[in-house]
Novice: 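Attaching a single structure in structure tokens format; questions to follow.
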Protein chains: 2
Amino acid sequence: MDVAAKKTSFPRLDESLLSHLPPFSKLETRQIRTVLDQATSRRCEANHCVFSEGDVADRFYMLLDGYVRVIRVTSDGEQVTSLHIPAGQLLGIAKALGKDTYPATAMTASESILLSWPMRLWDNFVQDYDGFATETYKTVGARVGEMNNRIVELATQQVEQRVANAILRLINQTGRKVEDGIEIDFPITRQDLSELTATTLHTVSRLLSAWEKQGLVTSKRKRIKVCDPHALVVLSQG
Amino acid sequence: MDVAAKKTSFPRLDESLLSHLPPFSKLETRQIRTVLDQATSRRCEANHCVFSEGDVADRFYMLLDGYVRVIRVTSDGEQVTSLHIPAGQLLGIAKALGKDTYPATAMTASESILLSWPMRLWDNFVQDYDGFATETYKTVGARVGEMNNRIVELATQQVEQRVANAILRLINQTGRKVEDGIEIDFPITRQDLSELTATTLHTVSRLLSAWEKQGLVTSKRKRIKVCDPHALVVLSQG
DNA sequence: ATGGAAGTTTGTGCTGGAGCAAAGAAAGCG
DNA sequence: CGCTTTCTTTGCTCCAGCACAAACTTCCAT
């Protein structure tokens, strides 16, 4: 792999990129340089499949920029989004779950930049890099927590609350402050939202229309801006 | 801790108990003896709280006998069961998730026997015992997989399919072959099932009655026996 | 600019399953 | 043994949200 070529196509690909990210933050500059040299970088447009459920897990990834959604497909073809992963997190870390195939599919939700390493380096990373293991287990823990919350949410809440919650979560993870509100800063369709909240795009569309009438949100095609986050919080509590 | 006393109240508490269980199966007899000496054992009746969500995770557990259910409680007091844990598995392994409080509550679902160790031994176990870490990450991975499945299930399936699935899962995990069928071998109420499947005990009751009329199951108070597992599988597929 | 694809809005009817209520059956207890 | 508690069954009502359908808007490629 030609490092020079990488640097031209991704000018910002230097130590400073990783040095502030939890799994690598305790590393020395020299170590980070090694890590970078072993990495493959890739820029993907939105809706690009990073890896698929069941594939042999031969690489693990760090999302440098953009957003990735983790989805599962049911036997009859329906998609369910189980997680959104924001920039700065590892993904495809099957090894941390004791698996050698990916347990779910990952797709980019917006244009994204990914670093990846061959999975055979995993054990090296764990051994050589102080804090790497700890941080990945924290990541796993956080995702387990999120999944748990989604289960509780799906089990007990109404559709309106779930949609409100989903939007709030996205805002927290990926919100961008703009004039008169906070916008989800990647393209998201009603369909996507319905897959996140286990309902239909029709219902999501209706809800957003209703909220827009009440001035809680404004939305264009693939864009959602929240004007009154507090009102959404109230809604989400039931 | 008086080892002699333990041995009298739990006569079977010797090396053979642990030696076949995954996290300990690679240990030498001498090591297992050390592990046992450091353990506290406890017998609990059904519906006993092992640890609560949010508690400081000061111990981790091995379920030797019985069943444990992992539950979460919503802000308005509703309970949701996220997992059933069968005998032979670790629980309360917050450390493997990078947490120092338990992320959920664990209650015994039947009379159970638990070993436990102070959490400060966790790192020792990981370091000293070959395969311990690997196996716990597999456990975590399996639970993540299960949770993922539950999310997909909740998101896409009808109540009838979910209840059928839940019963099948329980049968697989904890089923006991009896004459003319397989029985869930711990007491489970309609309420429990409804918490597992995110519905109401009324609906579960109706479904079981209907299935009983069709000869798929028979059930007494707190007991469910499946006579025609295949028919249940068909139902669960929708 | 033009046609088509992708995304969104909105209306209408229908139904699965929740909510409520009330009574019956089994287990536990003094 | 009767009394209480816990668990279960069942009937009835009602509505949230799904299915289906059709039109509209925005984006994109040719």
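Throughout, protein chains are lettered first and strands after them, A, B, ... in sequence-line order, and every chain is numbered starting at 1.
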Novice: Answer yes or no: does atom NZ of A:Lys177 have more than 12 heavy-atom neighbours from other residues, nucleotides or ligands under 6.0 Å?
Specialist: yes
Novice: Under 4.0 angstrom, heavy atoms only, what part of the nucleic acid is A:Lys222 near: base, sugar-phosphate, or nothing?
Specialist: sugar-phosphate
Novice: Would you mind reading off the distance between B:Trp211 atom CH2 and D:dT8 atom P, rounded to a whole angstrom?
Specialist: 15 Å
Novice: From CG of B:Asp192 over to P of D:dT6, roughly how many Å is that when rounded to an integer?
Specialist: 14 Å
Novice: Any side-chain N or O of A:Ser205 under 4.0 Å from OP1/OP2 of C:dT9?
Specialist: yes
Novice: Determine the minimum heavy-atom distance between A:Trp211 and A:Glu160, stating which atoms define it.
Specialist: NE1-OE2, 3.4 Å
Novice: Does B:Leu201 reach a base, just sugar-phosphate, or nothing at all? Heavy atoms under 4.0 Å.
Specialist: base
Novice: Show the nearest heavy-atom pair for residues A:Cys49 and A:Thr105, with the distance to one decimal.
Specialist: SG-CG2, 4.1 Å
Novice: Under 4.0 Å between a Lys/Arg side-chain N and an Asp/Glu carboxylate O for A:Glu153 and A:Arg162?
Specialist: no
Novice: The helix from C:dA1-D:dT30 to C:dG30-D:dC1: angle between its terminal axes, five pairs each, to 10°?
Specialist: 40°
Novice: Under a plain distance cut-off of 3.5 Å, with no hydrogens placed, do A:Ser116 and A:Arg59 share a side-chain donor-acceptor pair?
Specialist: yes
Novice: Identify the heavy atoms of A:Leu115 and A:Ser41 that sit nearest to each other, and give their distance.
Specialist: CD2-CB, 3.4 Å
Novice: If the condition is salt bridge (Lys or Arg N to Asp or Glu O under 4.0 Å), which residues does B:Arg143 pass it with, not counting sequence neighbours?
Specialist: none
Novice: Is the backbone N or O of B:Arg206 less than 3.5 Å from a side-chain atom of B:Arg190, with the two atoms forming a donor-acceptor pair by type?
Specialist: no
Novice: Over how many whole Å does the gap from A:Lys220 atom NZ to C:dT9 atom P extend?
Specialist: 12 Å
Novice: Write down the distance between CG (A:Leu207) and P (C:dT10), rounded to a whole number of angstrom.
Specialist: 12 Å
Novice: Counting just side-chain N and O atoms, does A:Ser209 come under 4.0 Å of either OP1 or OP2 of C:dT8?
Specialist: no
Novice: What is the distance from CD of B:Gln161 to P of C:dG16, rounded to the nearest Å?
Specialist: 12 Å
Novice: Knowing that exactly one of B:Leu193, B:Leu170, B:Thr189 qualifies, which makes a side chain to side chain contact (heavy atoms under 4.5 Å, CB included) with B:Ile224?
Specialist: B:Leu193
Novice: For A:Lys213 and C:dT9, give me the distance from atom NZ to atom P, rounded to whole Å.
Specialist: 10 Å
Novice: Does the side chain of A:Gln158 get closer than 4.0 angstrom to OP1 or OP2 of D:dA16 through an N or O atom?
Specialist: no
Novice: Rounded to whole Å, please give me the gap between CD in B:Glu212 and P in D:dT9.
Specialist: 7 Å
Novice: Using a 4.0 Å heavy-atom cut-off, write out nucleotides 18-29 of chain D from 5' to 3' as B (base contacted by protein), S (sugar-phosphate only) or - (no contact).
Specialist: SBBB----BS--
Novice: Between atom CD in B:Glu160 and atom C1' in C:dT15, what is the gap in whole Å?
Specialist: 14 Å
